[in-house]
Amino acid sequence: MPDLDNDDEAGSEAVTRAFWSGTITFGLVSIPVALYAANRSQRVSLRMVSPKGTPLNRRYYTSKDDKPLDTDDIVRGYEVEKGRFVLVDDDELERLAPERTRDIDVRQFVDAGEVDPMYFERAYFLTPAGGSNKAYRLLARVMEETGRAGIATFVLRDKEYLVAIIAENGILRAETLRFADELRTPADVGLPEPARVKPAQVKRIDREIGKRMAAHLDRKELVDHSADKLLKLAREKMRSGKGVVEPDEDEAEDRDDGGRPVIDLMEVLKRRMAGIETDDDTSPRAESDEDGDDASSPSGGGDLADATKAELYERAKKLDIPGRSAMTRDQLANAIRRSA
């Protein structure tokens with residue numbers, strides 16, 4: 001499943017908003033719901049910069065003659081055999097896209113235990129919408145009491161996804177699923193056959209496990225110690241001034257190859273330490289732009305700043321902009337501006 005999906009962190013809590021809404025349907029049942037990401041990326045990442053602190057941009061070159069390519073020069077192809085590709089254009093991809101729908105189509109219900117957690121890819125909350133609270137609660141209660149999960153499909157950004165709908169504590173959760181051919185078996189990784197062990201060895205291992213048994217999972221164990229160490233190092237270097245660089249004002253306004261303002265690590269760290277919200281790719285706005293259908297529309301006068309990716313894509317399609325299916329939201333906006 002896509003990236004459906006990230007959230008803001010530090011400072012005043014931003015209100016997370018649904019980036020997709022639709023209807024759970026099966027038989028004569030129809031329940032409007034909204035979709036929210038149930039997890040978010042908080043990983044600390046490093047940005048590639050020059051020794052003077054100027055953010056670097058990614059550029060594409062042909063491997064044969066190192067010829068630089070613009071976005072309009074890039075096409076996509078499927079490698080049918082080593083070094084041999086079949087090119088696929090935007091119109092062909094659009095014809096292959098599933099019919100756009102707002103339905104979460106439940107194909108079947110199974111015992112929740114039948115869905116191996118190895119299939120789970122990413123978690124989302126489903127919440128009642130459009131006055132469906134009573135029907136939503138009823139469905140969640142029945143599914144939870146019977147221990148059932150719904151296997152469903154829905155369409156987002158011209159792509160169909162498979163999900164398992166699970167009820168827990170009166171709340172419905174959607175877990176995007178990997179497809180069957182994406183999982184490896186123990187045989188695939190060369191796991192040997194189980195070996196015979198002596199009863200005394202079993203007892204010894206059991207005792208060692210018993211010493212570490214806890215009634216509940218301690219959330220303090222779920223901490224990214226590597227990220228904490230990196231942030232601590234950054235704070236220490238900021239205080240000492242060692243290794244801190246700031247590009248010139250003109251360079252600071254540099255933008256990446258998607259047209260987005262570049263955000264360097266030090267600036268993000270400063271703002272996070274000060275308890276200020278950061279405007280990076282973990283914002284709910286970025287998530288809705290990249291991954292969902294936003295209800296907002298472009299403002300009058302042809303302003304592209306507030307347009308969603310889906311809206312920009314439709315405009316790019318009308319302008320017959322090549323390579324549009326592979327573009328990010330900002331690349332689409334830039335391409336539309338160039339074509340205007």
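Heavy-atom basis, side chains included; hydrogens, waters and symmetry copies ignored.
Comment: E168 engages R173 in a salt bridge, judged by a side-chain N to carboxylate O separation of less than 4.0 angstrom. Under a 4.0 Å N-O distance rule, the pair E94/K317 qualifies as a salt bridge.
Annotation: side chain to side chain donor-acceptor pair (under 3.5 Å) contacts of E144 (sequence neighbours excluded): none. In this structure, the side chain to side chain donor-acceptor pair (under 3.5 Å) partners of R141, at least two apart in sequence or on a different chain, are E145. Checked against ring pair (Phe, Tyr, Trp, His ring centres under 6.0 Å), Y313 has no partners two or more places apart in sequence or in another chain. Among residues two or more places apart in sequence or in another chain, the salt bridge (Lys or Arg N to Asp or Glu O under 4.0 Å) test is passed with R148 by none. Partners of R137 under the salt bridge (Lys or Arg N to Asp or Glu O under 4.0 Å) rule, at least two apart in sequence or in another chain, do not exist in this structure. Residues passing the salt bridge (Lys or Arg N to Asp or Glu O under 4.0 Å) test with D90 are R76, R324, sequence neighbours excluded. Residues passing the side chain to side chain donor-acceptor pair (under 3.5 Å) test with K211, sequence neighbours excluded: E208. For D158, the salt bridge (Lys or Arg N to Asp or Glu O under 4.0 Å) test picks out R100, with sequence neighbours left out. Every ring pair (Phe, Tyr, Trp, His ring centres under 6.0 Å) that F109 has, sequence neighbours left out, goes to F26.
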Criterion side-chain contact (heavy atoms from CB on, under 4.5 Å) on T54 and V49, from CA distance to verdict:
CA-CA 5 Å; T54 304; V49 298; over 6 Å; no
Please step through side-chain contact (heavy atoms from CB on, under 4.5 Å) for the pair L139 and V29, ending with a clear verdict.
CA-CA 10 Å; L139 176 61; V29 177; 5.6 Å; no
Evaluate the criterion side-chain contact (heavy atoms from CB on, under 4.5 Å) for residue pair L35 and S21; output intermediate values, then yes/no.
CA-CA 6 Å; L35 193 67; S21 61; over 6 Å; no
Could you check T153 against R107 for side-chain contact (heavy atoms from CB on, under 4.5 Å), going step by step and ending with a plain yes or no?
CA-CA 8 Å; T153 57; R107 305 295 180 86; 3.0 Å; yes
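Taking Ile, Leu, Val, Met, Phe, Trp and Tyr as members and joining any whose side-chain heavy atoms lie under 4.5 Å apart, directly or through other members, the hydrophobic cluster of V142 also contains L138.
Contact record, F120 with A164: CE2-CB, 4.5 Å, taken as the closest heavy-atom pair. Minimum heavy-atom separation, M143 to A167: CB-CB, 3.8 Å. Closest approach of I165 to A152, counting heavy atoms only: CD1-CB, 4.2 Å. In terms of heavy-atom proximity, R47 sits nearest to N57 at NH2-OD1, 4.1 Å. Closest of all the heavy-atom pairs between Y161 and L156 is CE1-O, 3.6 Å. Between A180 and Y119, the shortest heavy-atom distance links the atoms CA-CE2, 3.9 Å.
In this structure, CD1 on I104 lies 10.0 Å from OG1 on T101, to the nearest 0.5 angstrom. Distance check, rounded to the nearest 0.5 Å: CD of E160 to CD of E99 gives 11.0 Å. The CG atom of D206 sits 13.5 Å away from the CD atom of Q201 when rounded to the nearest 0.5 Å.
Judged purely by atom type and a 3.5 angstrom limit, S339 has no side-chain atom pairing as donor or acceptor with the backbone of I336. Side chain of E92 to main chain of L96: no donor-acceptor pair is present (N/O by atom type, distance under 3.5 Å, no hydrogens or angles). When atom types are taken as modelled, the side chain of T176 and the backbone of R122 share a donor-acceptor pair closer than 3.5 angstrom. A donor-acceptor pair under 3.5 Å is formed between the side chain of D65 and the backbone N or O of K67. A donor-acceptor pair under 3.5 Å is absent between the side-chain atoms of R102 and the main chain of F154, judged by distance alone. Between the side chain of S132 and the main chain of P128, no donor-acceptor pair closer than 3.5 Å is present. Without hydrogens or angle criteria, D103 side chain to D105 main chain gives no donor-acceptor distance under 3.5 Å.
Under the 4.5 Å side-chain heavy-atom criterion for grouping Ile, Leu, Val, Met, Phe, Trp and Tyr, L93 is not connected to L319 through any hydrophobic cluster. Residue L183 is grouped with residue F179 when hydrophobic side chains (ILVMFWY) are merged at heavy-atom distances under 4.5 angstrom, including chains of intermediate members. Two different hydrophobic clusters hold V75 and Y60 under the rule that ILVMFWY side chains link at heavy-atom gaps under 4.5 Å. L46 and V44 fall within a single hydrophobic cluster, where Ile, Leu, Val, Met, Phe, Trp and Tyr side chains are chained together by heavy-atom contacts under 4.5 Å.
Within the 4.5 Å cutoff, the side chain of K52 has no heavy atoms near those of the V245 side chain. Using a 4.5 Å cut-off on side-chain heavy atoms (C-beta onward), V33 and T23 make no contact. Considering only heavy atoms from C-beta on, I321 stays 4.5 Å or farther from R338 through its side chain. Taking 4.5 Å as the limit, some side-chain heavy atom of V106 sits within range of a side-chain heavy atom of I24. Using a 4.5 Å heavy-atom threshold, the side chains of I151 and V115 count as touching. Side chains of V163 and E175 form no contact here, defined as non-hydrogen atoms less than 4.5 Å apart. For the pair P68/R59, no side-chain contact is recorded, criterion being any heavy-atom separation below 4.5 Å from C-beta on. The shortest side-chain heavy-atom distance between I171 and F125 falls under the 4.5 Å cut-off.
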Atom pairs and distances, side-chain donor-acceptor, residues 223-231, under 3.5 Å, sequence neighbours left out:
unit_1: D224; atom_1: OD1; unit_2: S226; atom_2: N; d: 3.3
unit_1: D224; atom_1: OD1; unit_2: A227; atom_2: N; d: 3.1

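Residue pairs that meet the side chain to side chain donor-acceptor pair (under 3.5 Å) test with at least one member in residues 186-200, sequence neighbours left out, are T185-D188.
Aromatic ring centroids of W20 and Y124 lie 6.0 Å or more apart.
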